[in-house]
Amino acid sequence: MNASPLFARVDVSAWIGPYPFREVPHPDPDVLVRVLARERVERAWVGWLPSAWQRDPTSGNARLLKALEPHRDVLDPAPAVRPDWPGWEWELDRMVAAGATSIRAYPAQWGLGAGHAALTALASACAARQVALHLTVRFEDLRQRHTHDVAGDVAAATVRSLARAGTGCTLIVSGAGREMIEEVCWGLTPDERSRVWCDFGWVWGPPEEQFAQLVRTLGPSRFVLGTQWPLRLVQQSRALISLLPAEASVPLPLPSPRSDR
Amino acid sequence: MVNAIVSQAAGGEAMRLAGDAPLIDVHAHFHTPHTGRSEWDAYNRSRLAAGERMGVNAHIASILGSWGFTSPTYFPSPDDLTIANRWMRAFAHADARTHGYTRVFSYVAVNPNFAQHARDEIRAGLADGAVGIKLAASRKADDALLDDIADAAAEADVPILHHVWQDRRREWPNQDASDGVELGRLAARHPRTRILLAHVGGGGDYAHTLHAIRDLPSISVDLSGSGIDRGMMDITIEALGDQRVLWAADLTLCTGLTKAWALDAIGLDDEALRNIRWRNAVRFYPRARMTHGGEVLVA
């Protein structure tokens with residue numbers, strides 16, 4: 001880590017591993033470690049990218065743990081647990097024991113809609129084990145998706161129903177745009193909202209000033225860094241904050257969602 | 001600590017967020033009071049203020065009619081275009097008077113379905129300081145109705161900035177969007193016309209575009225758009241070379257800043273960086289007298 005001020009405590013939304021729909025340059029953990037140091041980010045919660053499209057994420061979790069092993073001082077595993085498959089609690093326990101900081105679920109890819117009982121059960125189980133539940137709203141812009149990539153985005157209703165379920169689970173929402181963030185946050189009670197964290201790399205800055213509006217109306221306290229590396233350029237959140245008008249500031253470093261536990 | 005990066009930049013004599021080297025945005029837009037958007041002026045001020053903080057020396061800009069208020073954004077009526085083009089040039093002239101130098105330059109936006117109007121607008125716009133022609137999606141790029149416009153551009157030595165949907169696999173609503181293959185057909189018919197393919201990051205599959213235009217040297221691309229895929233800029237520069245790639249922002253200056261920073265991180269040499277940030281733009285827009293720190297930029 002260089003001597004410049006820290007930008008973020010954690011990148012809550014990074015992956016390693018290949019992407020099925022296009023070539024992604026070197027999605028490897030040692031590269032991610034160097035990028036984090038360059039961007040002045042303390043650590044990252046890292047998923048195994050192919051897991052979102054594999055029916056059984058268990059093997060991907062094993063590969064994730066092995067790949068991260070030499071880098072655990074900076075990279076924490078964020079494995080996937082599929083709660084509509086038998087024995088998922090066993091996998092959850094195994095991942096928590098292995099040091100998972102958050103558990104990833106891909107409801108759109110797994111066909112789990114808003115209010116699905118399995119998702120609520122997973123949120124309850126994550127809360128009981130004090131790990132966050134991480135939802136990826138989207139991986140790519142709708143207009144460029146592969147013809148086989150038909151899952152669609154996670155709906156705001158899915159997030160709201162999880163937040164309203166009263167599980168006490170910390171929810172991380174990655175890849176939402178302004179409309180979805182607003183729809184989620186203004187659709188929850190203050191207590192429900194207090195357990196939802198959003199990254200903001202898909203929100204537009206000037207001249208539309210959507211991010212400034214969110215910071216003004218919602219306040220900066222629910223925003224965390226989620227770069228979606230290796231799919232997207234990691235500088236985007238820093239650019240958004242750098243371009244905020246003076247009256248819409250965000251305290252740095254961006255926090256870790258773990259700090260509210 | 002609040003907005004640390006800004007504070008660092010603002011400490012002492014301003015260091016621009018995107019660096020102190022020249023930077024030209026060849027794909028910018030503004031709004032007018034006639035677009036039905038109540039905060040049109042705030043939008044324009046935001047663009048210029050963010051541009052100042054980033055270090056954008058020149059915004060080459062258009063207004064697409066009424067932006068959908070009185071005619072569709074991508075099918076603007078002749079009257080809406082005339083109002084918008086005049087407003088754009090007046091805005092650029094007024095900004096130059098205020099600042100003592102020109103930092104906003106104008107395109108002439110036209111709808112090829114109204115051929116005589118398009119010709120008249122181009123003539124009037126170029127006489128009043130416009131530096132390029134903007135074509136959006138009123139007609140497919142390979143349509144014969146664009147031939148006169150391409151000829152006019154070549155004759156006047158100005159480029160055409162053409163809105164493109166990267167790999168348009170179907171028709172999308174509200175526009176007759178073209179992709180790289182269709183734009184390539186126009187370029188093949190008009191090899192003397194400089195064409196700028198808009199926003200490789202603006203939606204669709206940019207890899208398809210690169211295959212479509214690789215062998216058409218009269219087509220360059222701008223990097224604008226909300227898309228910030230890792231690897232996008234790398235393969236674009238690899239496919240086309242750094243002399244056919246121009247930095248730009250379009251509707252999102254934040255992604256423009258991200259890409260300006262990323263250009264520094266992907267291992268380009270200084271010459272390539274200069275080309276993409278500003279030198280290609282200076283070559284592309286010979287009518288635009290762009291400056292940096294009071295000095296006229298020369299390629």
Side-chain angles (χ1 to χ4, degrees), chain A residues 4-7 19 21-27 31 34-35 38-40 139-147 177 200-212 215 220 227-246 248-254, chain B residues 1-10 17-18 28-31 39 42-51 53-54 165-169 172 201-208 225-235 249 251-262 264-266:
Chain A
S4 303
L6 198 62
F7 177 64
Y19 183 60
F21 302 116
R22 67 178 159 89
E23 179 70 15
V24 170
H26 40 71
V31 178
R34 290 201 297 273
V35 168
R38 187 192 73 204
E39 296 297 315
R40 306 190 303 275
F139 297 83
E140 282 191 314
D141 187 295
L142 172 70
R143 297 167 295 181
Q144 72 187 59
R145 288 182 198 169
H146 194 283
T147 48
F200 52 95
W202 284 84
V203 179
W204 286 12
E208 292 289 348
E209 300 289 11
Q210 295 178 351
F211 184 53
V215 172
T227 63
Q228 297 197 330
W229 189 96
L231 296 178
R232 287 164 59 81
L233 294 172
V234 296
Q235 296 92 343
Q236 176 66 1
S237 299
R238 186 156 56 93
L240 282 161
I241 289 178
S242 298
L243 288 170
L244 277 174
S249 59
V250 171
L252 297 179
L254 290 166
Chain B
M1 181 170 51
V2 172
N3 291 5
I5 296 102
V6 178
S7 301
Q8 286 169 8
L17 287 168
H29 293 295
F30 288 95
H31 280 259
E39 88 291 23
Y43 180 99
N44 294 348
R45 283 187 282 110
S46 168
R47 173 150 222 130
L48 292 174
R53 293 166 72 188
M54 289 168 59
W165 194 292
Q166 320 303 330
D167 188 19
R168 179 185 51 75
R169 290 171 296 188
W172 292 82
D205 190 341
Y206 43 84
H208 173 274
S226 59
I228 52 168
D229 285 4
R230 272 182 77 244
M232 177 179 71
M233 295 198 304
D234 313 54
I235 64 167
L251 302 179
T252 47
L253 280 157
C254 52
T255 59
L257 179 56
T258 290
K259 289 168 195 164
W261 283 338
D264 286 333
I266 62 175

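Naming: A, B, ... by sequence-line order, numbering from 1 per chain. Being a predicted model, the structure only gives us computed values, none of them experimental.
For the residue pair A/P206 and B/S46, the shortest heavy atom distance occurs at CB-OG, 3.3 Å. Taking both residues in full, the closest heavy atoms of B/A265 and A/R38 are given as CB-NH1, 3.7 Å, listed atom of the first, atom of the second, then distance.
Contact of the B/H208 side chain with the A/Q144 side chain is not registered, since no non-hydrogen atoms from C-beta on lie closer than 4.5 Å. A/R22 places none of its side-chain heavy atoms less than 4.5 Å from the side chain of B/D205. The shortest side-chain heavy-atom distance between A/E208 and B/C254 does not fall under the 4.5 Å cut-off. Using a 4.5 Å heavy-atom threshold, the side chains of B/M232 and A/L233 count as separate.
The contact between A/T147 and chain B is made by backbone and side chain atoms together, counting heavy-atom distances below 4.5 Å. No part of B/D167 comes within reach of chain A, as not one of its non-hydrogen atoms sits under 4.5 angstrom from that chain. For A/Q228, no part sits under 4.5 Å from any heavy atom of chain B, backbone or side chain. For A/W202, no part lies under 4.5 angstrom from a heavy atom of chain B. Heavy atoms closer than 4.5 Å to chain A are found in the side chain of B/R169, but not in its backbone.
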Could you walk me through whether B/M54 and A/L243 pass the side-chain contact (heavy atoms from CB on, under 4.5 Å) check? CA-CA 8 Å; B/M54 289 168 59; A/L243 288 170; 3.7 Å; yes

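With B/R230 contributing its side chain and A/W229 its backbone, the two residues share no donor-acceptor pair below 3.5 Å.
The side-chain contact (heavy atoms from CB on, under 4.5 Å) with A/W204 is formed by just one residue from the set B/L253, B/T255, B/T252; it is B/T252. With B/T258 as reference, A/Q236 is the one residue of A/R232, A/Q236, A/R238 to meet the side-chain contact (heavy atoms from CB on, under 4.5 Å) rule.
Of all the listed residues (B/H29, B/E39, B/R47), the one sharing the greatest number of non-hydrogen pairs under 4.5 Å with chain A is B/R47.
Atom-to-atom distance recorded for A/R143:CZ and B/R168:CZ is 14.5 Å, nearest 0.5 angstrom.
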